[in-house]
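This report refers to the structure that appears directly beneath it.
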Amino acid sequence: ETGVTQSPTHLIKTRGQQVTLRCSSQSGHNTVSWYQQALGQGPQFIFQYYREEENGRGNFPPRFSGLQFPNYSSELNVNALELDDSALYLCASSLAGNGGATGELFFGEGSRLTVL
Amino acid sequence: AQSVTQLDSQVPVFEEAPVELRCNYSSSVSVYLFWYVQYPNQGLQLLLKYLSGSTLVESINGFEAEFNKSQTSFHLRKPSVHISDTAEYFCAVIRDNQGGKLIFGQGTELSVKP
């Protein structure tokens with residue numbers, strides 16, 4: 001069984017730049033969620049994708065956007081990077097339908113973004 | 001709105017001692033409760049969960065947690081910890097109609113000393 005994989009593992013950007021983070025979901029999982037974990041904090045929900053559509057969003061501005069592809073993999077895009085965007089970005093996959101069967105979330109190891 | 005409070009940011013403990021990591025939540029609707037563990041430089045792993053049924057849930061590595069609806073708590077316990085239990089532990093809640101949208105606490109750093 002293939003787990004959740006994320007790339008890149010580390011990256012450094014400067015303010016104002018754009019970044020794309022990638023996630024391959026666990027085999028058979030059709031739902032992907034993205035979380036931001038700032039240093040010393042718990043993860044915060046950014047958004048979730050199900051059947052290639054956004055299915056729930058946390059308190060993040062529109063410059064945080066995403067995609068889900070037919071193979072259920074996903075991208076997180078952040079435009080106009082700010083210093084406070086420095087964090088560990090976690091992707092989680094699950095098998096859930098629209099409306100939310102609970103299910104267990106399987107997390108990747110994250111992409112650590114540093115914004116200078 | 002739901003929220004999760006982990007009452008201790010750091011818990012130092014000696015090996016083989018018991019430990020309790022405290023978690024309280026607030027919600028006006030039914031929720032599901034989780035404990036996740038994060039080892040250094042790794043992602044989150046599910047430790048245990050309460051969805052329904054018995055209020056006492058156990059993990060395969062000796063941790064247990066009890067759902068207490070009247071006290072809105074879901075404390076994590078282990079009777080005897082090991083060095084390998086050193087990690088960050090996160091309590092999380094999810095509403096029963098919002099699968100995938102976990103609300104996490106701030107985390108508790110468990111440090112087990114020899």
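Letters A, B, ... mirror the listed sequences (proteins, then strands); counts begin at 1.
Both B/Tyr32 and A/Phe107 are members of a single hydrophobic cluster when ILVMFWY side chains are connected at heavy-atom separations under 4.5 Å. No continuous path of ILVMFWY side-chain contacts below 4.5 Å connects A/Tyr50 to A/Phe47, so the two sit in separate hydrophobic clusters. Cluster annotation: B/Leu102 and A/Phe60 are assigned to distinct hydrophobic clusters (Ile/Leu/Val/Met/Phe/Trp/Tyr, side-chain heavy-atom contacts under 4.5 Å, transitive). B/Leu110 and B/Val4 fall within a single hydrophobic cluster, where Ile, Leu, Val, Met, Phe, Trp and Tyr side chains are chained together by heavy-atom contacts under 4.5 Å. Following chains of ILVMFWY side-chain contacts shorter than 4.5 Å, one can reach B/Val37 starting from B/Leu48, so the two form part of one hydrophobic cluster.
Nearest heavy-atom pair across B/Phe90 and A/Gln37 is CZ-NE2, 3.3 Å.
Neither the backbone nor the side chain of B/Gln45 comes within less than 4.5 Å of any heavy atom in chain A. Using a 4.5 Å cut-off between heavy atoms, A/Leu88 contacts chain B through its side chain alone, with no backbone atom that close.
Separation of the A/Tyr35 and B/Phe104 ring centroids falls under the 6.0 Å cut-off.
More than 12 non-hydrogen atoms from other residues, nucleotides or ligands lie less than 6.0 angstrom from CG of A/Leu83.
Residues B/Tyr36 and A/Leu105 meet the side-chain proximity criterion, which asks for heavy atoms closer than 4.5 Å. With a 4.5 Å cut-off on side-chain heavy atoms, B/Gln106 and A/Gln41 count as touching.
Most heavy-atom pairs under 4.5 Å with chain B: of the set A/Gly58, A/Gly40, A/Pro43, A/Gly56, this distinction falls to A/Pro43.
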